[in-house]
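Below: the structure, in structure tokens.
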Amino acid sequence: MSARPTSPGPVFETEVLIIGGGTTGTGVMRDLALRGIHCLLIDQRDLNAGASGGNHGLLHSGGRYAAGDADTAAECRREGDILKAVAPECIDACGGLFVAVEGDDPEFAARFPEHCRSAGIECSAITPAEARELEPCLSEKVYAAYKVPDATIDPFRITLENVNHARQLTQSIFLAHTELERFIVEEGTIRSAICRDTRSGDTLTIRARQVVNAAGAWAMQVARLAGCSGVQLLYSKGTLIISNARIGRRVINRLRPPGDGDILVPGGTVSLLGTTSQTVENLDDIHPSVAEVDRLVAEGCALVPQIAHTRFIRAFSGVRPLLMARGAETDGRKASRGFSLFDHESEGLANFATVAGGKLTTFRLMAEKTGDLVARRLGNSEPCKTATTPLPSGDAIRWTEPGFAARYWAARREPGDLILCECEMVPTSAIDAIVENAPGAELQMSLNAIAVRSRVGKGTCQGAFCSLRVTSHLYDRQVYDSPLGLRNTRDFVAQRFKGVAPVAWGEHLPQLELAEALHCALLGLDQLTDDGLQSPTTGGRVP
């Protein structure tokens with residue numbers, strides 16, 4: 001069965017409508033597709049636009065939760081092992097260390113192995129000297145250390161692969177920039193979802209037998225549109241910063257109760273230092289602050305002293321959608337990292353489900369439980385297959401892997417295949433492949449969408465040069481044929497600047513001055529109106 005527009009207007013029909021294009025929503029899409037069920041997935045922005053794209057990419061061993069939440073720790077350990085088996089191309093099995101430094105509670109450190117054993121987590125004690133031999137960047141003040149099987153995962157690639165596999169299996173469809181406005185409910189059943197294309201403003205209607213709410217931080221709002229009040233979430237903002245080079249080989253955790261700046265996670269050629277926790281109520285303006293960056297650097301230096309002299313190229317923030325729990329109303333670190341599946345039957349709806357909470361590491365399990373419920377409602381007896389079926393890859397969705405674009409270009413060396421992003425060595429052939437074949441590819445794909453599906457803009461210059469080169473290439477290829485292409489460039493540059501501004505010190509300041517000269521003084525991107533045309537008055541700097 002395929003989603004198809006039917007007369008008299010933009011009406012789509014599918015078996016299951018999934019709301020939310022993060023790892024959980026795309027995981028549900030693939031789970032159902034493996035059972036032969038067609039889905040239509042929507043997101044108000046794009047894939048990984050929420051928490052799935054705003055995290056440190058840690059594939060938990062469970063060690064971070066062993067002391068406070070043994071069930072979640074064990075769940076992370078089991079799911080991590082499954083993902084390492086079925087999606088190894090998305091994972092760096094780098095291993096991890098938990099280390100205590102002078103000033104940390106010795107009793108907490110001493111009890112760590114016992115907590116790990118209770119959750120079934122492999123944990124071995126090593127001496128401080130052995131820890132520094134493994135990770136020379138560690139502080140000389142380390143007094144206790146343990147090895148755990150932590151790993152890292154590429155959330156962008158695994159989301160793209162989920163969508164791509166579902167598309168291959170059942171011709172399931174992903175629609176970006178599609179915002180849910182309201183449901184039409186009759187006799188305890190959602191008959192249709194009225195949505196709006198956020199770019200054109202056009203309305204479309206989606207009719208589905210079942211509706212899954214996997215909207216992450218927006219899940220509570222979506223549930224309320226269906227008349228359901230049982231979903232109660234706490235929003236915890238977390239900020240991280242990215243170094244310009246990889247600092248350690250392994251994940252390095254501080255052996256103390258969770259706090260700011262207590263984890264350093266390798267991410268390909270860089271490292272991510274995090275994270276903060278701040279309870280917020282507004283989801284519309286989430287961005288990192290200078291104060292958060294300063295706090296992360298100060299805390300991180302106690303663990304890895306060289307952080308004080310490290311160049312950080314970007315900061316970013318995400319929102320953890322946590323299940324509300326007593327005592328967690330003002331402190332997100334006290335909220336559960338577990339997840340819940342709401343069937344909403346007690347609230348009078350027979351074809352609506354919400355999956356909320358959880359972790360990136362547990363997305364597959366969340367999708368499995370949701371898939372079991374939806375399949376049963378549809379009369380489908382096929383079991384879940386995601387725990388054993390390898391996740392297929394493909395060239396159109398490999399561009400998020402650090403170094404892949406460079407290896408691809410070097411192996412081919414075709415005439416005219418120019419490098420557009422020198423920081424990450426992304427050639428024109430990669431941009432062409434993404435525009436033509438990547439999941440969610442659009443007729444006029446924006447630079448932000450290309451960045452989600454590649455390494456464009458993720459290097460040291462943060463898009464200062466590649467934004468202009470990629471835009472020029474898209475005009476040459478007639479992907480862009482109007483001033484709106486320049487607006488896409490402006491929006492991309494503005495989005496990158498939000499992350500660059502809080503880390504603007506030292507070596508990064510000349511880079512920012514050069515970017516401003518290119519984007520504002522030379523091209524006048526700061527004076528573009530929303531239709532991509534130059535404003536007759538000075539509009540100030542890029543916001």
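In what follows, every heavy atom counts, from backbone to side chain, and hydrogens, waters and symmetry copies are set aside. Here, residue 1 is the first one in the sequence, and each next residue gets the next number.
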Worksheet item: Is any side-chain heavy atom of L365 closer than 4.5 Å to a side-chain heavy atom of F363?
Response: no
Worksheet item: Do F339 and E75 come close enough that some side-chain heavy atom pair is under 4.5 Å?
Response: yes
Practice prompt. State the CG-CZ distance between D46 and R453, to the nearest 0.5 angstrom.
Written response: 4.0 Å
Worksheet, complete the sentence: Heavy-atom closest pair (P305 atom, L138 atom, distance to 0.1 Å) is CD-C, 4.2 Å
Worksheet item: Name the one of L41, N164, I434 that satisfies side chain to side chain contact (heavy atoms under 4.5 Å, CB included) with P439?
Response: N164
Worksheet item: Is there a side-chain contact between Q511 and C461 (heavy atoms, below 4.5 Å)?
Response: yes
Fill in: Between N253 and D150: side-chain donor-acceptor atoms closer than 3.5 Å
yes
Practice prompt. Show your reasoning for whether side chain to side chain contact (heavy atoms under 4.5 Å, CB included) applies to S317 and K498.
Written response: CA-CA 10 Å; S317 298; K498 288 180 182 179; over 6 Å; no
Discussion item. Counting only heavy atoms not in E422 (residues, nucleotides, ligands), do more than 12 fall under 6.0 Å from its CD?
Written reply: no
Discussion item. Under a 3.5 Å threshold, yes or no: a donor from one side chain and an acceptor from the other, between T159 and T23?
Written reply: no
Discussion item. In the structure I gave you, are the side-chain heavy atoms of F465 and R469 within less than 4.5 Å of one another anywhere?
Written reply: yes
Worksheet item: Is there side-chain contact between I158 and I153, with at least one heavy-atom pair below 4.5 Å?
Response: yes
Worksheet entry | Worked check of side chain to side chain contact (heavy atoms under 4.5 Å, CB included) between R249 and C94 | CA-CA 7 Å; R249 292 186 291 270; C94 56; over 6 Å; no
Worksheet item: Which distance, rounded to the nearest 0.5 Å, do you find between the CE of M366 and the OG of S340?
Response: 9.0 Å
Item to complete: Determine yes or no for a side-chain-to-main-chain donor-acceptor pair under 3.5 angstrom, with R132 supplying the side chain and P136 the backbone.
Response: no
Discussion item. With no hydrogens and no angle check, just 3.5 Å: does a side-chain donor-acceptor pair link T386 and R364?
Written reply: yes
Practice prompt. Look at atom CD of E507 and say whether more than 12 heavy atoms of other residues, nucleotides or ligands are closer to it than 6.0 Å.
Written response: no
Worksheet item: Where do S446 and N448 land on the side chain to side chain contact (heavy atoms under 4.5 Å, CB included) test, with the steps shown first?
Response: CA-CA 5 Å; S446 69; N448 280 320; 3.9 Å; yes
Worksheet entry | Nearest heavy atoms of G459 and C423, plus distance in Å | CA-CB, 3.6 Å
Discussion item. If I take atom CG from residue L58 and atom CG from residue L264, how far apart are they, to the nearest 0.5 angstrom?
Written reply: 11.5 Å
Worksheet item: In this structure, are over 12 heavy atoms from other groups packed under 6.0 Å from K84 atom NZ?
Response: yes
Worksheet entry | Aromatic ring proximity, centroids under 6.0 angstrom, Y146 and F112 | yes
Discussion item. If the threshold is 4.0 Å, N to carboxylate O, is there a salt bridge linking K147 and E122?
Written reply: no
Worksheet item: Is it the case that more than 12 heavy atoms not belonging to K385 sit under 6.0 Å from its NZ atom?
Response: yes
Worksheet item: Do the charged groups of R64 and D69 touch, with an N to O distance under 4.0 Å?
Response: no
Practice prompt. Return yes if a side-chain donor-acceptor contact under 3.5 Å exists between D260 and T276, otherwise no.
Written response: no
Worksheet item: Hey, is the main chain of I247 close enough, under 3.5 Å, to the side chain of S271 for a donor-acceptor pair?
Response: yes
Discussion item. Check this for me: does any side-chain nitrogen of one of R295 and E299 sit under 4.0 Å from a carboxylate oxygen of the other?
Written reply: no
Worksheet item: So does E130 have more than 12 non-hydrogen atoms from other groups sitting under 6.0 Å from CD?
Response: yes
Discussion item. If I take atom CG from residue L169 and atom CE from residue M29, how far apart are they, to the nearest 0.5 angstrom?
Written reply: 10.0 Å
Practice prompt. Apply the side chain to side chain contact (heavy atoms under 4.5 Å, CB included) test between F312 and each candidate in V270, I242, L240, V297; give the one that qualifies.
Written response: V297
Response to the item:
Exactly one candidate in L233, L283, N213 meets side chain to side chain contact (heavy atoms under 4.5 Å, CB included) with Q221; the answer is L283
Worksheet item: So which heavy atom on R496 is nearest to which on G457, and how close?
Response: NH2-O, 3.0 Å
Worksheet item: Just by modelled atom types, is the A100 backbone N or O under 3.5 Å from a matching donor or acceptor in the D104 side chain?
Response: no
Worksheet entry | V426 side chain reached by I419 side chain, heavy atoms, under 4.5 Å | no
Response to the item:
Distance col, row T362:OG1 vs H60:NE2, nearest 0.5 angstrom, shows 8.5 Å
Practice prompt. Decide, yes or no, whether a salt bridge links E292 with K237 under the criterion of side-chain N to carboxylate O below 4.0 Å.
Written response: yes
Item to complete: Would you mind checking if R412 and D417 are paired as a salt bridge, meaning a charged N to carboxylate O distance below 4.0 Å?
Response: yes
Worksheet item: How close do C76 and G62 get, heavy atom to heavy atom, and via which atoms?
Response: CB-CA, 4.0 Å
Worksheet entry | salt_bridge(R111, E114) N-O dist < 4.0 Å | no
Worksheet entry | Inter-residue atom distance R78.CZ - I121.CD1, 0.5 Å rounding | 10.5 Å
Fill in: Salt bridge D31-R35, side-chain N to carboxylate O under 4.0 Å
yes
Worksheet item: Is the NZ or CZ atom of K458 both under 6.0 Å from the centre of the six-membered ring of F316 and within 45° of that ring's axis?
Response: no
Item to complete: Quick one: closest heavy-atom pair of S454 and I450, and the distance?
Response: OG-O, 2.7 Å
Discussion item. Any non-hydrogen side-chain atom of L296 less than 4.5 Å from a side-chain atom of I241?
Written reply: yes
Worksheet item: Do R455 and F404 come within less than 4.5 Å of each other through their side chains, counting heavy atoms only?
Response: no
Worksheet item: Quick check: does any side chain N or O of S52 sit under 3.5 Å from a backbone N or O of G22, one acting as donor and the other as acceptor?
Response: no
Worksheet item: S236 and S277: side-chain donor and acceptor closer than 3.5 Å?
Response: yes
Worksheet entry | Side chains of N244 and T460, donor plus acceptor under 3.5 Å | no
Worksheet item: Does R77 use its side chain to pair, donor to acceptor, with the backbone of G120 at less than 3.5 Å?
Response: yes
Practice prompt. Answer yes when R246 and D92 have at least one side-chain N-carboxylate O distance shorter than 4.0 Å, and no when they do not.
Written response: yes
Practice prompt. Give the minimum heavy-atom separation between A145 and A131, together with the two atoms involved.
Written response: CB-CB, 3.7 Å
Fill in: Derivation of the side chain to side chain contact (heavy atoms under 4.5 Å, CB included) call for I252 and F98
CA-CA 6 Å; I252 302 174; F98 274 81; over 6 Å; no
Discussion item. Tell me if a side-chain donor or acceptor on R320 pairs with a main-chain N or O of N55 at a distance below 3.5 Å.
Written reply: no
